[in-house]
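To find a chain, count down the sequence lines: A is the first, B the second, and so on, and within it residues start at 1.
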Amino acid sequence: MHELSVCQALVAQVEQIAINHGALKVESVKLRIGPLSGVELSLLEHAYPFASAGTLVEGSRLEIERAPLKLNCEACGLESEAKPNLLTCRMCGSCLTRVVSGEELTLMSVELITA
Amino acid sequence: MCNTCGCNITSGNREFAYKPVNGMTAVSVLENLLARNDDQARHNRHHFDKHDLIAINVMSSPGAGKTALLEATIDALGNRYRIGVIEGDLETENDAIRIRAKGVPAYQIITGAACHLDAHMLHNALHEFPLEGLDILFIENVGNLVCPASFDLGQHRNVILLSVTEGDDKPAKYPVMFRAADAVILTKSDLLPMLDDFNPARAELNLRSLGSRVPLITLSARKSLDLGDWLDWLIGELVQKRGKLASDIPAQPVTDLRSISSNTRMRE
């Protein structure tokens with residue numbers, strides 16, 4: 001539901017970068033998003049053309065890299081992959097785990113058309 | 001070095017930052033998508049810290065009893081602590097009116113169509129809502145277990161309510177929200193004898209399965225049952241926060257949703 005807000009923030013951020021670099025247009029935008037970011041990828045992709053319409057970002061390619069969900073267990077030290085609603089250690093069952101990857105909602109890079 | 005004139009581009013990272021190919025420039029950013037919201041949230045947090053108060057973001061699904069919990073809290077602590085409430089709802093001033101009836105200042109943010117509060121909405125509200133002399137500021141977010149989890153408001157702590165009239169698997173269904181909690185409150189406990197499908201132990205198991213170690217407190221705000229643990233937690237956080245301010249460490253929610261971006265950048 002909030003993906004449009006997130007997308008509007010993304011477009012504003014990318015447009016500012018384009019302006020700072022004197023770009024004519026934006027070619028592509030690369031994101032890295034994890035399953036615990038709270039953002040649904042398909043909704044974000046659907047919102048992108050609407051949020052970018054009429055900006056320097058309009059017509060650009062949105063590339064989303066999915067970050068894996070990884071845990072580190074403080075009890076036994078195992079690093080393992082996990083599901084969003086089962087974040088206990090799959091080896092020892094401890095809930096003393098830290099998410100080391102999977103919360104990302106990151107703008108990685110943009111490609112600008114400069115001339 | 002700044003991000004404006006290009007002086008942050010060195011021989012070491014030049015290749016990374018600019019790659020002019022046929023009039024194309026690649027720019028590495030590595031910033032959170034909600035960077036502007038986060039900047040505003042930091043500003044709000046600084047504002048709260050200047051007033052030496054603790055700001056608590058209260059989140060839950062609609063009807064879990066957020067306003068009732070605040071009313072009971074005001075009844076219990078209103079004579080010892082100065083409390084203020086900022087309410088977020090899509091429409092109506094009803095919640096702010098309920099809080100004001102308890103003799104506590106309240107400001108209503110009407111979000112219109114927005115399903116969550118963001119740091120900018122809260123900042124605008126702060127212009128209209130004096131913080132002078134407050135000990136505790138509650139921010140009652142829009143009733144929603146999805147979107148509010150993604151937006152830092154500048155709060156110091158997140159409290160998430162789960163009423164026993166909902167499913168005990170809510171933490172498993174909404175992991176992003178429940179992972180953001182600094183405390184989870186099981187509300188409407190007086191109804192438990194009537195509900196054979198809500199098992200508090202199962203609710204706790206679902207919460208712990210998220211790797212969450214936060215306190216889980218069961219109470220009934222309406223019947224003023226078992227409020228002690230909640231009030232102790234609240235006062236404890238305020239005392240701890242004021243101690244932290246004295247030693248100049250900014251307090252932040254324990255589970256920082258954007259801790260990944262903080263890992264790649266300098267932690268404040």
Nearest 0.5 Å, what's the CD-OG1 distance between A:E27 and B:T25? 11.5 Å

Distance from B:L205 atom CG to A:C95 atom SG, nearest 0.5 Å? 10.0 Å

Side chain, backbone, both or neither: which part of A:I17 has a non-hydrogen atom closer than 4.5 Å to chain B? side chain

Would you say that B:L210 contacts A:N85 through its side chain, given a criterion of any heavy-atom pair below 4.5 Å between the two side chains? yes

For B:M24 and A:T114, work out which heavy atoms get closest and say how close. N-OG1, 3.9 Å

Measuring from A:L10:CG to B:E31:CD, what's the distance to the nearest 0.5 Å? 11.0 Å

Does B:R36 have more than 12 heavy atoms from other residues, nucleotides or ligands lying within 6.0 Å of its CZ? no

Counting only heavy atoms closer than 4.5 Å, note whether A:L96 contacts chain B via side chain, backbone, both or neither. both

In Å, rounded to the nearest 0.5 Å, how long is the span from NE2 of A:H2 to CG of B:N144? 8.5 Å

Which residue out of A:E74, A:K30, A:R32 racks up the most heavy-atom pairs below 4.5 Å with chain B? A:E74

CG of B:N32 to CG of A:L107: how many Å apart, nearest 0.5 Å? 9.5 Å

Identify the heavy atoms of A:S37 and B:S150 that sit nearest to each other, and give their distance. O-OG, 3.7 Å

Structural part of A:Q8 lying under 4.5 Å from a heavy atom of chain B: neither

Is it the backbone or the side chain of A:S94 that comes under 4.5 Å from a heavy atom of chain B, or both, or neither? neither

Out of curiosity, A:L44 CG to B:L33 CG, how far, rounded to the nearest 0.5 Å? 7.0 Å

Does the side chain of B:R179 reach to within under 4.5 Å of the side chain of A:V99, using non-hydrogen atoms? yes

Answer yes or no: is there a side-chain heavy-atom contact under 4.5 Å between A:M108 and B:V29? no

Does atom CZ (A:R66) have a neighbourhood of more than 12 heavy atoms from anything else shown, all under 6.0 Å? no

Between B:P175 and A:P84, what is the shortest heavy-atom contact and its length? CB-O, 3.3 Å

